[in-house]
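All values below come from the heavy atoms of this structure, side chains included, with hydrogens, waters and symmetry mates left out. Every value quoted in this text rests on a predicted model; they were computed, and no experiment measured them. For the single chain, residues carry numbers from 1 onward in sequence order. Atoms within a ligand are numbered from 1 in the order they appear, just like the ligands themselves.
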Amino acid sequence: MEQQPYYLAYEKRYRAVFEAGAERWGHSPDDQELFNALKEWVTANHLTGKSIIEFACGEGAGGIILSELGCNYHGVDIAPSAVLKAKENLKNYPNARIDILDMVKETAGENYDAALDCMGFHMLVTDQDRTSYLKNAFLSLKPGSPMLFYRESYINGNHKEETVKSAVNSYEEWLNITGSDYETPLPRRVDTGDGDIEVMVPLVPARANDRDGYISELQSAGFSVEKFVEMDTSNTIQHSASIYARKPI
Ligand SMILES: C[S@@+](CC[C@H](N)C(=O)[O-])C[C@H]1O[C@@H](n2cnc3c(N)ncnc32)[C@H](O)[C@@H]1O
């Protein structure tokens with residue numbers, strides 16, 4: 001039997017969180033910073049009424065916001081529990097749909113006017129998976145279309161020593177390089193919609209990059225990078241950045 005990819009670790013996490021009675025793990029559609037960023041991006045790129053794919057959409061927070069902003073939304077994620085939840089969360093938006101898709105291995109087979117990735121890219125740790133995903137994302141866009149990488153794990157000047165610049169050819173290599181523990185459950189607070197509860201879940205691997213590293217990865221895939229924004233610390237992630245990219249005409 002084929003081994004499951006490491007990035008399916010999120011499925012286990014979603015299940016643990018939902019079984020504990022939590023409303024969600026990822027972004028809330030009420031996240032004001034996310035809402036403001038998406039509103040500005042949609043307005044600047046005239047995306048109302050246009051088709052947008054969101055890779056690694058999770059429970060669909062971005063989808064709710066983009067649907068409210070009048071976009072035609074297609075969310076995709078590899079974790080079945082998140083896809084089910086996103087379908088439920090978006091059931092009242094007739095121009096929204098959600099599907100299971102492995103963004104590393106497949107494209108949705110359509111061309112979109114824009115693409116969003118909200119904390120998705122950094123979940124991929126091998127060089128090959130990152131390159132393959134960016135290529136798929138690039139191929140999914142019409143020429144001239146924007147892609148927003150929102151709140152990706154980021155290495156700024158204060159902890160530069162954590163940047164992994166060497167080749168990472170497999171998940172095992174990543175484990176050896178980082179020495180991270182992705183097994184031991186740790187306490188995390190999640191929202192039940194009626195207060196917080198504690199859930200014990202292991203860390204899920206994520207590979208951060210620095211500014212030059214992210215820009216070089218996106219440019220190698222063919223994107224032009226228009227803006228790189230360092231984000232404030234949030235309760236979702238300590239150091240993050242948003243990258244505004246575009247497929248050239
Ligand atoms: C940190 S969560 C972000 C979820 C959501 N975008 C949000 O901000 O709440 C990362 C998501 O990436 C998804 N993911 C990881 N690898 C993937 C892949 N190869 N294809 C599609 N989704 C993937 C996970 O299932 C998970 O939902």
Atoms of ligand 1 close to [X] [distance to a heavy atom under 4.0 angstrom, numbered from 1]:
X	answer
A79	25 (O)
M123	1 (C), 10 (C), 12 (O)
G26	9 (O)
C57	5 (C), 6 (N)

Would you mind checking which non-hydrogen protein atom is closest to [atom], with the distance to 0.1 Å?
atom	result
atom 16 (N) of ligand 1	Y7 CB, 3.5 Å
atom 1 (C) of ligand 1	Y10 OH, 3.2 Å
atom 12 (O) of ligand 1	A56 CB, 3.2 Å
atom 13 (C) of ligand 1	D77 OD2, 3.4 Å

Review point. About how many Å separate SG of C71 and OH of Y93, when rounded to the nearest 0.5 Å?
Key: 12.0 Å
Checking contacts here: is it the side chain or the backbone of [X] that comes within 4.0 Å of ligand 1, counting heavy atoms only? Could be both or neither.
X	answer
A61	neither
Y14	side chain
L101	backbone

Do any N or O atoms from the side chain of [X] and from the backbone of [Y] form a donor-acceptor pair under 3.5 angstrom?
X	Y	result
E59	N89	no
K247	S145	no
S51	D113	yes

**Study point:** From Q238, E230, R211, residue fulfilling side-chain hydrogen bond (donor to acceptor under 3.5 Å, both in side chains) relative to Y154
**Key:** E230
Point to revise | CG/L186: more than 12 non-hydrogen atoms of other groups inside 6.0 Å | key: yes
Check your understanding: Does CG belonging to D181 count more than 12 external heavy atoms closer than 6.0 Å?
Key -> yes
Should [X] be counted as touching ligand 1, given the test is an N or O pair under 3.5 Å?
X	value
D102	yes
I78	yes
A82	no
C118	yes
E59	no

Point to revise | Ring geometry between Y10 and W25 (parallel below 30°, tilted from 30 to 60°, perpendicular above 60°) | key: perpendicular
Practice item. Please work out whether the ring planes of Y214 and F121 are parallel, tilted or perpendicular, with thresholds of 30° and 60°. Key: tilted
Study note, to complete from the structure: Among R24, E152, H27, M103, the residue with a heavy atom nearest to atom 8 (O) of ligand 1 is H27
**Study point:** K85 to Y14 six-membered ring, cation-pi geometry met (6.0 Å, 45°)
**Key:** no
Review point. Would you call R97-E110 a salt bridge at under 4.0 Å N-O?
Key: yes
